[in-house]
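Counting begins at 1 with the first residue of the sequence. Keep in mind that this is a model prediction, so the values were computed, not measured.
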Amino acid sequence: QVQLVESGGGLVQPGGSLRLSCAASLRTFSTYAMGWFRLAPGEERDFVGVIKRGGSTYYANSVRGRFTISRDNAKNTVYLQMNNLNPDDTAVYYCAATREDLSSYYFRTSRNEYEYWGQGTQVSVSS
């Protein structure tokens, strides 16, 4: 019943930008932390960033300063704005959801901390 659907991926030139969206069929979306992960060819699924239910964000060092996560609780949607893309950003990007209390004080950065996952959207950065 729970479904996360990513969209917005595509082919972009180095230095370009993309905005990914993740629509979540979570009845209490605003109470979930929403994470972004990516899977590059030959690599494991790695942490990209997370936005807590209160709006605080945390990013992997590789994307900090270039990527921005935001959420629209009225639309049950989380976004990943990606700027200054480079070929190393090429991957399938996944959104994930994990329940958390309002008082939660840490950022979930591991795959096993998330309960729900989307199917992913391909981002290719190439000249």
Side-chain angles (χ1 to χ4, degrees):
Q1 182 175 355
V2 174
Q3 187 175 22
L4 307 181
V5 181
E6 302 94 337
S7 62
L11 177 64
V12 64
Q13 297 182 80
S17 299
L18 284 174
R19 189 183 76 159
L20 306 184
S21 299
C22 174
S25 62
L26 296 167
R27 187 160 56 89
T28 55
F29 175 80
S30 64
T31 68
Y32 285 75
M34 300 296 298
W36 285 96
F37 292 76
R38 64 186 182 184
L39 178 63
E43 305 291 335
E44 296 186 351
R45 191 178 304 190
D46 291 329
F47 172 77
V48 174
V50 59
I51 184 166
K52 295 174 63 65
R53 60 179 292 182
S56 301
T57 56
Y58 179 76
Y59 303 93
N61 290 336
S62 59
V63 306
R64 187 175 295 111
R66 299 188 298 122
F67 291 10
T68 302
I69 300 174
S70 61
R71 66 192 298 160
D72 187 338
N73 290 336
K75 297 181 178 179
N76 277 26
T77 301
V78 63
Y79 304 95
L80 179 65
Q81 177 66 47
M82 304 183 294
N83 299 325
N84 299 316
L85 287 162
N86 61 68
D88 290 337
D89 296 317
T90 296
V92 177
Y93 284 73
Y94 300 87
C95 66
T98 183
R99 291 168 290 181
E100 69 177 10
D101 294 328
L102 181 62
S103 59
S104 181
Y105 60 89
Y106 77 100
F107 298 98
R108 276 82 167 176
T109 61
S110 299
R111 296 188 301 272
N112 60 8
E113 295 181 294
Y114 289 84
E115 183 176 5
Y116 304 111
W117 292 84
Q119 295 300 305
T121 184
Q122 177 71 51
V123 172
S124 298
V125 185
S126 176
S127 59

Student: May I have all residue pairs that pass side-chain hydrogen bond (donor to acceptor under 3.5 Å, both in side chains) and include part of residues 39-51, sequence neighbours excluded?
Tutor: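 Of all non-adjacent pairs touching residues 39-51, none passes side-chain hydrogen bond (donor to acceptor under 3.5 Å, both in side chains).
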
Student: Please identify each residue that fulfils side chain to side chain donor-acceptor pair (under 3.5 Å) with N84, with sequence neighbours left out.
Tutor: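 Partners of N84 under the side chain to side chain donor-acceptor pair (under 3.5 Å) test: none.
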
Student: Quick one: ring pair (Phe, Tyr, Trp, His ring centres under 6.0 Å) partners of Y59, sequence neighbours excluded?
Tutor: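 Scan of Y59 (ring pair (Phe, Tyr, Trp, His ring centres under 6.0 Å), adjacent residues dropped) gives none.
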
Student: Which residue pairs pass the salt bridge (Lys or Arg N to Asp or Glu O under 4.0 Å) test when at least one of the two sits in residues 96-115, sequence neighbours left out?
Tutor: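 Matches after skipping sequence neighbours: K52-E100, R99-E115, E100-R108.
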
Student: Partners of S62 by side-chain contact (heavy atoms from CB on, under 4.5 Å), sequence neighbours excluded?
Tutor: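 Counting only residues at least two positions away or on another chain, S62 forms a side-chain contact (heavy atoms from CB on, under 4.5 Å) with R38, A60.
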
Student: What distance do Q119 atom CD and T121 atom OG1 have between them, rounded to the nearest 0.5 Å?
Tutor: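 Reported to 0.5 Å precision, the distance equals 11.5 Å.
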
Student: Strictly by side-chain hydrogen bond (donor to acceptor under 3.5 Å, both in side chains), give each pair with a member in residues 6-15 just once, sequence neighbours left out.
Tutor: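 side-chain hydrogen bond (donor to acceptor under 3.5 Å, both in side chains) check on residues 6-15 returns no pairs.
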
Student: With sequence neighbours left out, write down each residue that passes side-chain contact (heavy atoms from CB on, under 4.5 Å) with D88, or none if nothing qualifies.
Tutor: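 Result, side-chain contact (heavy atoms from CB on, under 4.5 Å) vs D88: N86.
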
Student: Could you state the interatomic distance from OG1 (T57) to CZ (R64), rounded to the nearest 0.5 Å?
Tutor: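 Going from the OG1 atom of T57 to the CZ atom of R64 covers 9.5 Å.
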
Student: For V2, enumerate each residue passing the side-chain contact (heavy atoms from CB on, under 4.5 Å) test, keeping only those at least two apart in sequence or located in another chain.
Tutor: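 V2 satisfies side-chain contact (heavy atoms from CB on, under 4.5 Å) with L26, Y116 once adjacent residues are dropped.
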
Student: Please identify each residue that fulfils side chain to side chain donor-acceptor pair (under 3.5 Å) with S110, with sequence neighbours left out.
Tutor: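 Side chain to side chain donor-acceptor pair (under 3.5 Å) check on S110 returns nothing, list empty.
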
Student: Kindly state each residue pair satisfying disulfide (SG to SG under 2.5 Å) with at least one member in residues 52-127, sequence neighbours excluded.
Tutor: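 Found C22-C95.
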
Student: What residue pairs, at least two apart or across chains, pass ring-ring contact (aromatic ring centres under 6.0 Å, His included) with a residue in residues 6-41?
Tutor: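 Sorted result for residues 6-41: F37-F47, F37-Y114, F37-W117.
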
Student: Are Y93 and V63 linked, directly or through other ILVMFWY residues, by side chains that come within less than 4.5 angstrom of each other?
Tutor: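 Yes; V63 is reachable from Y93 via cluster members.
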
Student: Could you work out, with side-chain contact (heavy atoms from CB on, under 4.5 Å) as the rule, every residue matching V125, not counting sequence neighbours?
Tutor: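 V125 satisfies side-chain contact (heavy atoms from CB on, under 4.5 Å) with V12, P14, L85, P87, D89, T90, V123 once adjacent residues are dropped.
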
Student: Just verifying a value: how many Å separate S103 OG and R53 CZ, rounded to the nearest 0.5 Å?
Tutor: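 The distance works out to 8.5 Å.
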
